[in-house]
Chemist: 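Here it is, the structure in full.
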Amino acid sequence: MIAAALLAVSGLVLVLYVMAKARERKGSTNGSVALAGVITLVVFAVLTVLVLTVLPMWLTWTLVVVAVVTVTVMAVSN
C-alpha cells in the first residue's frame, strides 16, 4: 500500500511535469498538452493497479525508486 501511494503521488507530479514540457516544446496547443497528460496519467494508473495486484515486491519498489528519482531530477533541473 505504501509503495502504491508513493507511486501515485510521484505519478501525479510527473503528469504535471510532462504537461509543462509538452507546453514548452509545442507552444500553447492545448490538445497536445492534454494528450500528453492523459497518456502519462493512464500509464501511472495502470502501474499503480499492477503494483497493488500482481507485481512482485522487488519490481514494485524498483518502479517506486525510478519514479521518485525521476521526479527529483526533474525538480532539481528546473
Side-chain angles (χ1 to χ4, degrees):
M1 296 295 275
I2 294 171
L6 289 172
L7 188 65
V9 169
S10 64
L12 289 176
V13 173
L14 279 175
V15 166
L16 296 175
Y17 277 127
V18 166
M19 290 177 73
K21 288 291 182 185
R23 186 170 181 179
E24 283 179 11
R25 291 188 181 173
K26 301 277 184 177
S28 181
T29 56
N30 293 333
S32 63
V33 173
L35 182 63
V38 166
I39 290 171
T40 308
L41 185 65
V42 167
V43 167
F44 271 96
V46 168
L47 280 175
T48 303
V49 169
L50 289 174
V51 160
L52 287 171
T53 57
V54 296
L55 290 180
M57 191 64 72
W58 67 270
L59 187 56
T60 297
W61 285 106
T62 302
L63 288 172
V64 169
V65 168
V66 167
V68 169
V69 166
T70 304
V71 167
T72 304
V73 167
M74 290 180 86
V76 169
S77 69
N78 286 335

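Everything numeric here is computed off the predicted structure, so don't read it as measured data. One is the number of the first residue; the rest follow in order along the sequence.
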Chemist: Does I2 belong to the same Ile/Leu/Val/Met/Phe/Trp/Tyr cluster as L55, with side-chain heavy atoms less than 4.5 Å apart forming each link?
Modeler: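 Linked within one cluster.
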Chemist: Quick check: is L6 connected to V13 through a chain of hydrophobic side chains (ILVMFWY, heavy atoms under 4.5 Å apart)?
Modeler: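 The answer is yes; both residues are in one hydrophobic cluster.
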Chemist: Tell me, with the steps shown, if L50 and L63 meet side chain to side chain contact (heavy atoms under 4.5 Å, CB included).
Modeler: CA-CA 11 Å; L50 289 174; L63 288 172; over 6 Å; no
Chemist: State plainly whether one hydrophobic cluster holds both L47 and Y17, where clusters connect Ile, Leu, Val, Met, Phe, Trp and Tyr through side-chain heavy atoms under 4.5 angstrom apart.
Modeler: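 Both belong to a single hydrophobic cluster.
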Chemist: Closest heavy-atom contact between A22 and V33?
Modeler: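 Looking at all heavy atoms of both residues, the shortest contact is C-CG2, 4.1 Å.
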Chemist: Same cluster for L12 and M19 if Ile/Leu/Val/Met/Phe/Trp/Tyr side chains link at under 4.5 Å?
Modeler: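 They do share one cluster, since a chain of ILVMFWY contacts under 4.5 Å joins L12 to M19.
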Chemist: Minimum heavy-atom separation for T60 and A3, please, with both atom names.
Modeler: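 For T60 and A3, the tightest heavy-atom pair comes out as CG2-CB, 3.5 Å.
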Chemist: So, do V64 and V51 sit near enough that their side-chain heavy atoms are less than 4.5 Å apart?
Modeler: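 No. Closest side-chain heavy atoms not under 4.5 Å.
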Chemist: Treat each ILVMFWY residue as a node, draw an edge where side-chain heavy atoms are under 4.5 Å apart, and state whether V71 and V68 are in one component.
Modeler: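 The answer is yes; both residues are in one hydrophobic cluster.
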Chemist: Testing the basics here: between A67 and L7, what is the closest heavy-atom pair and its distance to 0.1 Å?
Modeler: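 Reported closest heavy-atom pair: CB-CD1, 3.9 Å.
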